[in-house]
Amino acid sequence: MAPRKNAKGGGGNSSGSGSGSGSGSGSPSTGSSGSSSSPGARREAKHGGHKNGRRGGISGGSFFTWFMVIALLGVWTSVAVVWFDLVDYEEVLAKAKDFRYNLSEVLQGKLGVYDADGDGDFDVDDAKVLLGLKERSPSERTFPPEEEAETHAELEEQAPEGADIQNVEDEVKEQIQSLLQESVHTDHEIQDSYHVEDTASQNHPNDMEEMTNEQENSDPSEAVTDTGVLLPHAEEVRHQDYDEPVYEPSEHEGVEISDNTIDDSSIISEEINVASVEEQQDTPPVKKKKPKLLNKFDKTIKAELDAAEKLRKRGKIEEAVNAFEELVRKYPQSPRARYGKAQCEDDLAEKQRSNEVLRRAIETYQEAADLPDAPTDLVKLSLKRRSERQQFLGHMRGSLLTLQRLVQLFPSDTTLKNDLGVGYLLLGDNDSAKKVYEEVLNVTPNDGFAKVHYGFILKAQNKISESIPYLKEGIESGDPGTDDGRFYFHLGDAMQRVGNKEAYKWYELGHKRGHFASVWQRSLYNVNGLKAQPWWTPRETGYTELVKSLERNWKLIRDEGLMVMDKAKGLFLPEDENLREKGDWSQFTLWQQGRKNENACKGAPKTCALLEKFSETTGCRRGQIKYSIMHPGTHVWPHTGPTNCRLRMHLGLVIPKEGCKIRCANETRTWEEGKVLIFDDSFEHEVWQDASSFRLIFIVDVWHPELTPQQRRSLPAI
C-alpha cells in the first residue's frame, strides 16, 4: 500500500556525497535511497574512509553517512504520522473544498462565508463541522441552488491552477490552524446576546435599582411610598441621570443579617415549593441562540466590523466610536455599523457620565432599527436598548412608544409584551398594564413574569385575595424577573391581611434569597452594614439634643397641632397608602423628602423654627416630619417602611390613657405625652387605636446615625 501524499512533502534531503536523490516527494524510491543497507551507501562507505581505500575507524565520510541516516529517519517519522492517519491535512483540505471554501477570502481572514452552523460567523463549532467532528444539523444554513452555483463558479475562477495549487493549500492549512487557535483563545468577533428582564447587557451595567440588601443604587423611574409600595406616577418620578451624584457603597460594606434577640419562634417554617438558588444554579443553562446581526451586505464588510467591535470589547471606547463612525460614513446603509456606533455612544455615555452622549446613543439606536434590510434580531436589540436608556433618563412616555413599536413589530413575542406592561406601570397606567398581562396570560397561562405583575396590580386595586395565587404561582415559576423582593413583600402582605399564616414563610424565603435583611426587617431600599434593631434609645442614636428639644417643647408642638386641627381641618390629609384595615387616620406634613412645606409651616411656625436647627431631620430626604392623628377604632396593618436609612421618632402629644399601642418586631409599647419613642420602621410594625378619644403624635424622621455625610448628601430621596 502506497503512503498518502503529504501536503507538506516528505522533506527535502540534502545531497550527500554520492547519496541518493533527495527530491522530498515521499516516494518509495526516495525511501530506499535513504536506507543504510543500499548498495550506493555501501559503496560510499567503502571508498570514503581512507584515501588508500583501507577499512579503518569511522572516517569523516562514514560519520556524514550516519548523520544522514538519522536525519532521514526523522523525515520518515513525519511521513509515518500521515501514513497512519495521525494527522490528515489532506482531509482538512478535502473538507474545505467540499464546503466550497473561497480560498482568496480565507487568506484575507474573512471566514464569515464559511459559516457551517448557520450562526453568521466562523467559530469553533464551524471548525468541528469542517473537521468531521460534528455533523451539520438540518436547521443549519445551506446555500440556495442559484447561490451555490454562483459560489462554485467564483471558486473555479479564483482557484489557482497547475503547480500553484500546492502552495495555496499549504497557506490554507496554516490559516485554518491559526484561526482555530485564535477562535479558542480570543473573542474578537461580533457577539451579542438576548437579555432577560434583569436587562442590562453584559456591556452595560444595570441602570435600575436592585431591590436587594446588597447595594444602594437609585431607581431612575420608581416613586416609592412610605411602605415600599411601587407608585410610578410620571409627574412625581425622580429619574436618575449622569449629572446627579450617586452614592455607591464601598466594597467593605456588606449586608448585616442581624443577630438581634428577636423571637422568631412564631414564624412558620413549612416548605415552599420554590426551587432554591443552588438548585437553579445547578440546572444546566439553556443555550441561547446567538442573534443574527448581519445582513447580506454586512457580511461583505465583516472584517471591518469585527475590527471596530474588537476595540469596543477591549474598552477602547473612543477609538471604537471613531471606527464605527468611519464605517457609518463609508457604508451608510449598514445596520450593523450603525448599531455598533450606538453601542459605543452608550458605553461612552457611561464612561463620561454624559446625558448628552446618551441621548445621541438613543437616537442612533433608532436609526439602526429604521434602516432597510436591518435583520430582525438587530431591530429588536436596538429598540429594546433604546427603551431601557429612555427609562434611565426618565423619558417614560418615549420609552413606552418604543415598547409599543416593538410589540407591533413582534406581536408573538410575549417578553416584549411583558416589558410593555412594565412601561405602563412606570407611568401609573395600571389599567393598560393589566390588559397587557391579561393578553399574555391568555396566550401563555404559565408565564411567571406576567403572573407576578398581574398579582401586583390586583393588590394595588385592593383585590387582596385575588392577587395571592398570581403572586404565589409567579414566584414559584422561577421565571426570569420573578425573584424580586417586591413580589415576596406584597405576597406576604396580602397573606397577612387575609389571615394566612403562610405569610412568614414567604418572608423567610425572601430573607434566604437575599431580598430582606431579616424576616422582620423587610425594607427594599437599603444601605449595607447599618446597625439593625427595632427599638432605639436617644443615646444610641446620638441625637440626644434633638430628643431633649422635642420633649422640652412638646406642649408648644401640641398646641400648634391642635390649632391646625381646629382652624383648618382640611390640612390633615387621610392616609392614602392602603395601610388601614379600618378606622380614621390623617396626617399634616411639614417636611417631605428633605423639602420644607412653606404653607404648612405657616400653620405651625414655632414648631418649624424649632426644627430648623436640626439638619439630621430637616435634611433627611428619606423621611418626613408630620403630625399624625388617629381616631378610635383604627387598626393599621403590619407593614414596613421602604428603607433602612432612617429612624423614626414619635413624640406623644395627646395620648388616651388606654387602648393605644404600637408593635415593632415582637415588642409592643405605648406612647406617653411629652416623651419620645424611637424605632426603626424598616422592621415590621403595627398600630392599634382602641381608645375612646383621638390620639395625636408628632413624627420626626432622622437619618440613620451610621450614614456618612457623603451618603446623606447623595442618597436619592424616598
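Here, residue 1 is the first one in the sequence, and each next residue gets the next number.
Across every non-hydrogen atom of Leu524 and Arg486, the tightest pair is CD1-CG, 3.6 Å. When all heavy atoms of Arg646 and Gly623 are compared, the closest pair comes out as NH1-CA, 3.8 Å. Pro335 and Pro372 make their closest contact through CG-O, 4.2 Å (heavy atoms, listed as atom of the first residue, atom of the second, distance). Smallest separation of non-hydrogen atoms from Val357 and Ala349: CG1-N, 3.7 Å. In terms of heavy-atom proximity, Lys463 sits nearest to Lys434 at NZ-NZ, 3.5 Å. Nearest heavy-atom pair across Val527 and Leu530 is O-CG, 3.7 Å.
Side-chain atoms of Ser382 never come within 3.5 Å of backbone atoms of Val379 as a donor-acceptor pair (strictly under, hydrogens ignored). Judged purely by atom type and a 3.5 angstrom limit, Asp377 has no side-chain atom pairing as donor or acceptor with the backbone of Pro291. Asp347 places no side-chain N or O within donor-acceptor distance of the main-chain N or O of Ile317, the cut-off being under 3.5 Å. Listed for the Asn526 side chain is a donor-acceptor partner under 3.5 Å among the backbone atoms of Asn644. Side chain of Tyr437 to backbone of Asn418: a donor-acceptor contact under 3.5 angstrom is found.
Classification of Arg397 and Asp429 as a salt-bridged pair fails, no side-chain N sitting under 4.0 Å from a carboxylate O. Under the 4.0 Å criterion applied to side-chain N and carboxylate O atoms, Glu345 and Lys341 are assigned as salt-bridge partners. A salt bridge links Arg312 with Glu309: at least one charged nitrogen is closer than 4.0 Å to a carboxylate oxygen. Using a 4.0 Å cut-off between charged nitrogen and carboxylate oxygen, Lys451 and Asp447 do not count as a salt-bridge pair. Salt-bridge formation is detected for the pair Arg385/Glu388: a Lys NZ or Arg NE/NH1/NH2 atom is positioned less than 4.0 Å from an Asp or Glu carboxylate oxygen.
Residue Gln333 holds its CD atom at 9.5 Å from CG of Asp373, rounded to the nearest 0.5 Å. Within the model, atoms NZ of Lys459 and CG of Leu491 stand 9.5 Å from one another, a figure rounded to the nearest 0.5 Å. To the nearest 0.5 Å, atom CD of residue Gln521 and atom SG of residue Cys664 are 9.5 Å apart. Rounding to the nearest 0.5 Å gives a distance of 10.0 Å between CD1 of Ile468 and NZ of Lys472. Note that CD of Glu502 and CG of Leu509 are 12.0 Å apart. Values are rounded to the nearest 0.5 Å. If you take OH on Tyr339 and CG on Leu294, they are separated by 12.0 Å, rounding to the nearest 0.5 Å.
If you check the side chains of Ser682 and Thr640, you find no donor sitting under 3.5 Å from an acceptor. Defined by atom type and a distance below 3.5 Å, a donor-acceptor pair is missing between the side-chain atoms of Gln496 and Glu686.
Put simply, the side chain of Asn666 reaches to within 4.5 Å of the side chain of Trp520, judged on heavy atoms. Here the side chains of Leu381 and Leu293 are in contact, with some heavy-atom distance below 4.5 Å. Using a 4.5 Å heavy-atom cutoff, the side chains of Arg663 and Pro638 are in contact. Side-chain contact between Phe449 and Val440 is absent, with no heavy atoms from C-beta onward closer than 4.5 Å. With contacts defined as side-chain heavy-atom distances shorter than 4.5 Å, the pair Ile457/Glu438 does not qualify. Asn446 places none of its side-chain heavy atoms less than 4.5 Å from the side chain of Ser477. Between Leu416 and Lys384, some side-chain heavy-atom pair lies under the 4.5 Å cut-off. Looking at Thr364 and Arg338, their side chains come closer than 4.5 Å, going by heavy atoms from C-beta outward.
Qualifying side chain to side chain contact (heavy atoms under 4.5 Å, CB included) partners for Leu401, counting only residues two or more places apart in sequence or in other chains: Gln404. A search for ring pair (Phe, Tyr, Trp, His ring centres under 6.0 Å) contacts involving Phe297 returns Tyr331, not counting sequence neighbours.
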### Task
Take Phe324 and Leu305 through the side-chain contact (heavy atoms from CB on, under 4.5 Å) test and state the conclusion after the steps.
CA-CA 8 Å; Phe324 274 111; Leu305 290 168; 4.3 Å; yes

### Task
Verify side-chain contact (heavy atoms from CB on, under 4.5 Å) between Ile475 and Asp483, making sure each step is shown before the conclusion.
CA-CA 6 Å; Ile475 294 173; Asp483 189 28; 5.6 Å; no

### Task
Give the intermediate values and the outcome of salt bridge (Lys or Arg N to Asp or Glu O under 4.0 Å) for residues Arg405 and Asp370.
CA-CA 12 Å; Arg405 184 185 173 196; Asp370 288 341; 3.0 Å; yes

### Query
Given the rule in the side-chain contact (heavy atoms from CB on, under 4.5 Å) test, do Trp585 and Val687 qualify, once you have shown the distances and angles that lead to the verdict?
CA-CA 11 Å; Trp585 175 25; Val687 178; over 6 Å; no

### Task
Before giving the answer on salt bridge (Lys or Arg N to Asp or Glu O under 4.0 Å), spell out for Asp413 and Lys417 the whole-Å C-alpha distance, their side-chain angles and the decisive distance to 0.1 Å.
CA-CA 7 Å; Asp413 191 330; Lys417 288 185 178 179; over 6 Å; no

### Task
Check the pair Leu383 / Leu409 against side-chain contact (heavy atoms from CB on, under 4.5 Å), numbers first and verdict last.
CA-CA 11 Å; Leu383 294 179; Leu409 292 172; 3.9 Å; yes

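Remark: Arg522 qualifies as a cation-pi partner of Tyr507 under the 6.0 Å distance and 45° angle criteria applied to the six-membered ring.
If you look at His453 and Tyr470, their ring centroids are not closer than 6.0 Å.
In this pair, Trp506 and Tyr488 present their aromatic rings tilted. The plane angle is within the 30 to 60° band.
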